[in-house]
Amino acid sequence: SQHNLFAALRAAFPADLDSTAIETDGGLSYSWRDIDRATAMVANLLGSLDIPPASRIAVQVEKSVEAVVLYLATLRAGHVFLPLNTAYQSAEIDYFVTNAEPAVVVCSPANFGWVSKIAFKAGTQHVFTLGDDRTGSLLERAAHCSDQHTVVARGPDDLAAILYTSGTTGRSKGAMLSHDNLLSNARVLKTYWGWKPGDVLIHALPIFHVHGLFVALHGALLNGSKMLWMAKFDPKQAIAWMRRATVFMGVPTLYVRMLGEAGLTREATAHMRLFISGSAPLLIETFKAWQERTGHTILERYGMSETAMLTSNPYAADARFGGQTERRGGTVGFPLPGVELRVLGDDGKALPVGEIGGIQVQGPNIFKGYWRMPEKTAEEFTDDGFFKTGDVGKVDERGYVTIVGRSKDLIISGGYNVYPAEIEGYINDMPGVAESALIGVPHPDFGEVGVAVVIPKPGAKVDGDQIVAALKAQLANFKIPKRCFVVAELPRNTMGKVQKNLLREQHKALFA
Ligand code: ATP
Ligand code: MG
């Protein structure tokens, strides 16, 4: 039978193929028929190349509807989509292309010179270009191809995509995701988030990452929903579009930026049904400010490249958890239907309710392993088939999951565990503080000690020593950061994630 993810997405297109599927901030409009035909043409182009089934198609291009067409055409043709962050330069592309050995590379026209050199050296046969303004050799070649195409049959475990992780904790790993991994997750989210006829999604995220490529795109496509398409996030445009949209998905920094706009009001957001946040922790302050300004409660969820979505706050009553409907700020909600989640202590035993430990998960959405890293893959799965997320957290008596940090960011000071999120929470509550990051740095006596990096609110004066003194009055001594730096901003990657490895690197010699 047919398990190709594209077949399921195509089956969800609305009956009226001439209705609008995507409207862009550049003033373009694409019908469902346009998407169907364009994906057929690009799939036929890929089919005409002399490449084996399930070839990897590596893509580093600016965000555009045509890039989505290329993604869907890759699925349709039975190949494996491999998106790459647009920020990557030659050293990174060299690593990914050499590592992934794609049969086809598609890059921005401006990068063709250096990308093609790397690709040909790595043995890639075909390099195409795709601009964000419908230019480039990919579309030129596809224009000569038929717009009729039969979806290539795929099995449930065949790969649909290889998604490199964000590289927040180290070198990116290629997560191998099957057609069934992605489709099962998309179907669960469709129900859990109450997607319904008439929904319109504001697509504001990059499409080289799980959030924009899978969660947002599959959500809209599987519901036959129109998308309002932003090439680059613009808070004013997003707010203006809310008058005719119903769903918005963003990383926390997007919410912070919209809160900075006077146009964000109850009235401006009255037409919206749902605001979703994920990819990084949403500060409780942002959660509350959004509620006050708009009357909407942001729904926070948690997932990763390796697993797609794992947990979500409830949209509607969740019978599994006593009919709970409350979206609790600071938590990532409940394990999604079909996902098993457990919290284990250092001894590998399941922990009682409320205790902090390593989060492990199992479900139809969990990936098939890291590309060409069998040892790493074996390390990250338990004997009974659970995946070790690398995140540390707890589950409360009502079933809500809270993430307290990543195991790699955990600080062990004088033998005691210090959970960064706990200390950051106290610091963030202090007057004048916008945000903070607690990192562990080597220390001759304690092994490691905490160092805080604090961002003040605009115009506020904040003193590092005073913060340390204030913490001393509230917390046990081993949790107190030994130093506190006040700086203008935190280093973030393109998904808005704080890069604690860079902060650790910067401060590693403080106590040497
Ligand atoms: P790498 O694995 O290369 O270090 P990464 O883990 O940041 O990078 P992603 O797969 O993009 O790469 O991100 C998944 C991680 O993002 C999760 O493991 C978790 O730490 C974090 N995350 C996602 N959603 C949330 C959330 N709602 N709250 C807190 N953390 C989140
Ligand atoms: Mg990760």
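Atoms within a ligand are numbered from 1 in the order they appear, just like the ligands themselves. The structure presented is a predicted model; accordingly, all values stated were derived computationally and were not measured. When reading the values below, keep in mind they use all heavy atoms of this one structure, side chains included, and skip hydrogens, waters and symmetry mates. In this chain, residues are counted from 1 in sequence order.
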Q: Does R301 come within less than 4.0 Å of ligand 1, judged by its heavy atoms?
A: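 Yes.
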Q: Within 45° of the axis and under 6.0 Å from the centre of the six-membered ring of Y95, does NZ or CZ of R171 qualify?
A: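 Relative to the ring axis of Y95, which defines the angle, R171 lies inside both limits.
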Q: Less than 4.0 angstrom from a charged side-chain N to a carboxylate O is my criterion; do E285 and K288 meet it?
A: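 Salt bridge absent between E285 and K288.
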Q: In terms of atom number and element, which parts of ligand 1 are under 4.0 angstrom from non-hydrogen atoms of E300?
A: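 Answer, ordered by atom number: 26 (C), 27 (N), 28 (N).
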Q: Would you say that V361 contacts I366 through its side chain, given a criterion of any heavy-atom pair below 4.5 Å between the two side chains?
A: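 They are in contact (side-chain heavy atoms under 4.5 Å apart), so the answer is yes.
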Q: Which protein non-hydrogen atom lies closest to atom 4 (O) of ligand 1, naming both residue and atom, and how far is it?
A: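 Of the protein heavy atoms, T169 OG1, 2.5 Å lies nearest.
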Q: Distance under 6.0 Å and angle within 45° of the ring axis: does R56 meet both against F81?
A: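 Verdict for F81: no cation-pi partner in R56.
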Q: Under 4.0 Å between a Lys/Arg side-chain N and an Asp/Glu carboxylate O for E326 and R398?
A: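 Looking at R398 together with E326, the answer is yes, because their closest N to O distance falls below 4.0 Å.
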Q: Quick check on contacts: which atoms of ligand 1 are under 4.0 angstrom from a heavy atom of S305?
A: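 Listed by number with element, the hits are 9 (P), 10 (O), 11 (O).
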Q: Out of all atoms in ligand 1, which are within 4.0 Å of some heavy atom of H209? Include the element for each.
A: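 Listed by number with element, the hits are 11 (O).
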Q: Looking at K394 and E422, is any side-chain nitrogen of the basic one under 4.0 Å from a carboxylate oxygen of the acidic one?
A: no
Q: Identify whether the distance between the nearest side-chain nitrogen and carboxylate oxygen of R328 and D396 falls below 4.0 Å.
A: yes
Q: Students should be able to answer this: which protein heavy-atom is nearest to atom 24 (N) of ligand 1, and at what distance?
A: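 Checked against all protein heavy atoms, atom 24 (N) of ligand 1 sits closest to S279 N, 3.2 Å.
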Q: Return each pair, listed once, that meets side-chain hydrogen bond (donor to acceptor under 3.5 Å, both in side chains) where at least one residue sits in residues 424-433; pairs must be two or more places apart or across chains.
A: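 Passing the test, one end in residues 424-433: E424-K500, N428-S436.
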Q: Inspect the contact between K121 and D94 and indicate whether a charged nitrogen and a carboxylate oxygen are less than 4.0 angstrom apart.
A: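 Here D94 pairs with K121 in a salt bridge, since their nearest N and O are under 4.0 Å apart.
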Q: What protein heavy atom lies closest to atom 17 (C) of ligand 1? Include the residue and the distance to one decimal.
A: D391 OD2, 3.3 Å
Q: Looking only at protein heavy atoms, which one is nearest to atom 16 (O) of ligand 1, and what is the separation?
A: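 Checking every protein heavy atom, the shortest distance to atom 16 (O) of ligand 1 gives K497 NZ, 2.9 Å.
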Q: Salt bridge or not for R266 and E292, using N-O below 4.0 Å?
A: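 Salt bridge: no.
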Q: Please write down residue, atom name and distance for the protein heavy atom closest to atom 14 (C) of ligand 1.
A: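 Answer for atom 14 (C) of ligand 1: M304 CB, 3.4 Å.
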Q: Considering heavy atoms of the protein only, find what lies nearest to atom 7 (O) of ligand 1 and give residue, atom and distance to 0.1 Å.
A: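 Of the protein heavy atoms, T168 OG1, 2.5 Å lies nearest.
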Q: Should R171 be counted as touching ligand 1, given the test is an N or O pair under 3.5 Å?
A: no
Q: Hey, is V332 touching ligand 1 through its side chain, its backbone, both or neither, going by heavy atoms under 4.0 Å?
A: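 The side chain, only.
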Q: For ligand 1, which atoms, with element, lie under 4.0 Å from some heavy atom of K173?
A: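 What qualifies from ligand 1 is 2 (O).
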Q: Listing request: all side-chain hydrogen bond (donor to acceptor under 3.5 Å, both in side chains) pairs with a residue in residues 344-361, at least two apart in sequence or in separate chains.
A: R342-Q360
Q: Between Y302 and ligand 1, does any nitrogen or oxygen pair lie at a separation below 3.5 Å?
A: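 N/O-N/O distance under 3.5 Å: no.
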Q: Any nitrogen or oxygen of S166 lying under 3.5 Å from a nitrogen or oxygen in ligand 1? Just yes or no.
A: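 Yes: some nitrogen or oxygen of S166 is under 3.5 Å from one in ligand 1.
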Q: Distance under 4.0 Å to a non-hydrogen atom of R406: what atoms of ligand 1 satisfy this?
A: 5 (P), 6 (O), 7 (O), 15 (C), 16 (O), 20 (O), 21 (C)
Q: Can you tell me if A280 has a non-hydrogen atom under 4.0 Å from ligand 1?
A: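 A280: in contact with ligand 1 (<4.0 Å).
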